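Below is one structure, written out as C-alpha cells, with a few remarks after it.
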Amino acid sequence: MRNSSRRTRRVLVPIALAAALGTAGLPAAHAAQKPSIKVTADGTQPVFSYQDAIREHVNVQSSVDSDHDGKKDLIRVDIIRPKESGPRFRVPVIMDESPYYDNLGRGNESEHKTYDANGDPAKFPLYYDNYFVPRGYAVVEVDMDGTTKSDGCPTSGGASDVLGGKAVVDWLNGRATAYDAHGKRVRADWTNGRTGMIGKSYDGTLANAVAATGVKGLETVVPISAISSWYDYSRMNGTLLSRGEEDGLASVVDTDPPAKCAAVRQDMAAGQDDATGNYNAFWNERDYRSGSVADVSKVHAAVFASQGLNDMNVKPNQFSTWWAGLAAHHVPRKVWLSQYGHVDPFDYRRDAWVDTLHQWFDHWLWRLPNGIMKQPRVDLETGPDQWTTQADWPAPGTTDVTLRPGADGALGLAPSAGSASYTDTALSEADAVSDPTASRPGRLAYATPPLPRDVRVSGTPEVSLKVSLDKPTANIGALLVDYGTDTRVNYLGPGAGVKTLTTEDCHGESTAVDDACYRQVVTDTVTSDVNVVARGYIDAQNRNSLSHPSALKPGKSYRVRWGTLPQDYRFKAGHRLGLILLGTDDDIQSDKATGASVSVDLAASGITLPVVGGDGRLGHLPAPRAWHGPSHVVLPAPHRSFK
C-alpha cells in the first residue's frame, strides 16, 4: 500500500495569520510575485514540489580539529529545500545530525544516504524530507564530525561531536563559514535561520547537546530516546553497565581507515576509566545537564521529547533528569512516554506522531498560532496501545510512600526488626525474581499481599538501605517487581515491543530513488506472571560521591541511598508488589561481582515510591496469604542496539 491517508481540510486563513506569513492568503496575482506557504486548519499544506526540490551539499567549518591534522574539521551538510526558497522566500530548517548515515543506517529499515553523479544527495533517510519539504521546510541531514563525509574523529558525545552541529546552526544563521564542492564560500540565504533538530538515539542526543550550548537560532529540538549524560549511559552510580562503550561506539560509527583515529580512541578508552566506574572530566565533557561543553541552564529551544519507559538502551533516567532540568529553567516542553523499549514513535503510533510533529514544527519554526502549547503536556501509554494525557510528569498528586522489608518476607508499611544477608554474586533477573518465598544466596526477596486496589507509581523510586559488608565494597541492586499475570508490551523482545509488517503506508511525496513509504508496525505483547518494573544499582563505595569513592570498613553499618530508573506503571488489584535486593544484575551490568556478604538492617531500610493517591491506595496491606508463585516468567536478556 503506497498511498497516504491524510485528509486535508481547506479553510480561510485569518487576516492576522496572513499578515504574519507575508503573502499567504493574498490573491493569486500577488502570491505569484513572491512564493509563500499555504495554511489551513491542518497547518502548512504540501504545495511545493518534492520532485523539483533543490538538492545540494555544503561543508561547514567547525571550530575544532578533532583528528589533529592541523585543520578545522569540515562538516558535511546535505540539503533539500523547495526550489522556490531563496532570498525572497526564506524557509525554516529541520535538521537531523547523525553518525549513522553510512554504517548502521537510520530508522526501522536502516536507510542510508545515496548520492547522484555530482556528489549531491539523492536519497535522504527517513520521512522528514518527503513530508516537510512540500510544506515549505528545508531538511538538512548532517554527517556528525568524524563520520560519513565529514572530517575529523567521532568522540562519543564529546566536544567535537557537539560543536560540529553547533557550527551548522551558526552557518544557517550567518555566523559560520561554509564551502561548496568547488571550495567557494556559500551563504544560507534561503533560510530564515529558525532551526529545529530532531532524531532518535545518538541523533537526538546531539539535538540535546547542541541545545544545551545555547546556540542562537535553534528554536526547538525533538530528542527521541536521547542521552543527556553519557556517564549514565554506561554507568549507574559507580557500577558499570558496559565496558569499552565509548571508544567501541566511536569505532562503529567511524568508517575511515582504523589508523586515522586510533590515537583518539585510545585517549577515550583511558578517559572512560572502566577500572573504577567513577565520574571524571571525561564524563563531564559529555554531560549536557551540567557539563563543561553543554549545560541545560543554557537551553532556550522548546523541547518535544519522546522516551520509552522500558528502554534498556538509552534508559529513562536520561529523560527524567533532563526533563527536571528543563522544568527548573522554564523551558517550553512536551513529551510522549511509552511502555516500549528503544523505539521511535513513528514505529508505534505513526499517524498521531506525524500529525503532532507537524503541529509542533509549524508552531515553533513557522510560528503559526495553532494551539499546540495549550494541549496537555504529556501523552502517556498506560498499557499496550492504551494512551492518555495529563498536565505534567511525574503525574500531579503523587505522594511518597515507603515500603519496608520484613523478616517474614513481607513488604509493608510498618518497619520490621531483624536483619537479613545475601552475597554479591552475578545473578540473572530470571533467577532474581523467581519465587520470592525461596531462599537464594544471591538475593533477598520481599512481596506485599495481593493489592486491594490498583496502585500507580509515577516518578523515580528511591532505595535506602542500612548495610554492613565483610569487604570494602559491593554492588548493591534493587528491582521493583510486579507479581501478577498480565499482557504487557514485550519491551525485552527482539523489536523492543513492536513487530514490523510487510505492508506499508506513506507520509509525504516520493521520487524514484526516495519514497515516503515505510513498513507498518504493530505492538508486540507477551503474557507473563512477573515483570521487572524498575531497576537501580550502586557501588557502595560511591554512596557519597561518584568522583571520590570511599571504601567501607568491614562490619560497620552505613547508609546507602540511590534512585532506581524512573517509571510510570500501574500495579493492578490482586497483584503483589515485590522488592528484590541483589548484588550484580548479570542481565544489565558488565561489572564484576565482589563476593561480599551484604547484611541489611530491615527496620532501617526500605523503598520509597511516588504513588498517585498516596498510601491510601495500598489499604492496610493485610497479612500475606499462601504464596502461589509465577509459572511463566518472560525475562530474556535485554537487546542492546546503538541505533
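We count residues from 1, following the sequence as given. Note that these values count all heavy atoms, side chains included, but never hydrogens, waters or copies made by symmetry. Keep in mind that what you see is a predicted model, and the values were worked out from it rather than measured.
Put simply, the residue from V93, V133, I198 that forms a side-chain contact (heavy atoms from CB on, under 4.5 Å) with V139 is V133.
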### Message
Please determine whether side chain to side chain donor-acceptor pair (under 3.5 Å) holds for the pair D102 and T255, giving the CA-CA distance in whole Å, both sets of side-chain angles, and the decisive distance to 0.1 Å.
### Response
CA-CA 8 Å; D102 71 342; T255 48; 2.6 Å; yes
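Both tests pass for K149 against the ring of Y115: distance under 6.0 Å to the centre and angle within 45° of the axis.
The CG atom of L241 sits 8.5 Å away from the CG atom of D232 when rounded to the nearest 0.5 Å. The CH2 atom of W322 sits 12.5 Å away from the CZ atom of R333 when rounded to the nearest 0.5 Å.
The closest side-chain heavy-atom distance from W353 to H507 is not below 4.5 Å. A 4.5 Å side-chain heavy-atom check between C506 and Y127 finds every atom pair outside the cut-off. The closest side-chain heavy-atom distance from P125 to Y100 is not below 4.5 Å. Within the 4.5 Å cutoff, the side chain of S290 has heavy atoms near those of the D295 side chain.
Annotation for H548 and S545: closest pair N-OG, 2.9 Å, computed over non-hydrogen atoms. Closest approach of S225 and V343 over heavy atoms only: OG-O, 4.1 Å. D42 and H358 get closest at one heavy-atom pair: O-CE1, 3.4 Å. Nearest heavy atom pair, residue D311 against residue P316, reads O-CD, 3.5 Å.
No donor-acceptor distance shorter than 3.5 angstrom exists from the side chain of E111 to the backbone of R106, with no hydrogens or angles considered. Between the D379 side chain and the T389 main chain, no donor and acceptor come within less than 3.5 Å of each other. Looking at D67, its side chain never comes within 3.5 Å of a backbone N or O of C261 through a donor-acceptor pair. One N or O on the side chain of N192 and one on the backbone of R194 form a donor-acceptor pair closer than 3.5 Å. Counting only distance, with no hydrogens or angles, the side chain of N317 and the backbone of L565 share no donor-acceptor pair below 3.5 Å. Side-chain N or O atoms of D514 include one that pairs as donor or acceptor with a backbone N or O of F124 at under 3.5 Å. Between the side chain of R265 and the backbone N or O of S251 there is no donor-acceptor pair closer than 3.5 Å. The main-chain N or O of Y279 is found under 3.5 Å from a side-chain atom of S547 such that the two form a donor-acceptor pair.
Around the NZ atom of K216, the shell of radius 6.0 Å holds no more than 12 heavy atoms that belong to other residues, nucleotides or ligands. No more than 12 heavy atoms of other residues, nucleotides or ligands shown are found within 6.0 angstrom of NZ on K71. Atom CZ of R175 has more than 12 heavy atoms from other residues, nucleotides or ligands within 6.0 Å.
Between F361 and Y131, the gap from one ring centroid to the other reaches at least 6.0 Å. Between W364 and Y137, the ring centre distance reaches or exceeds 6.0 Å.
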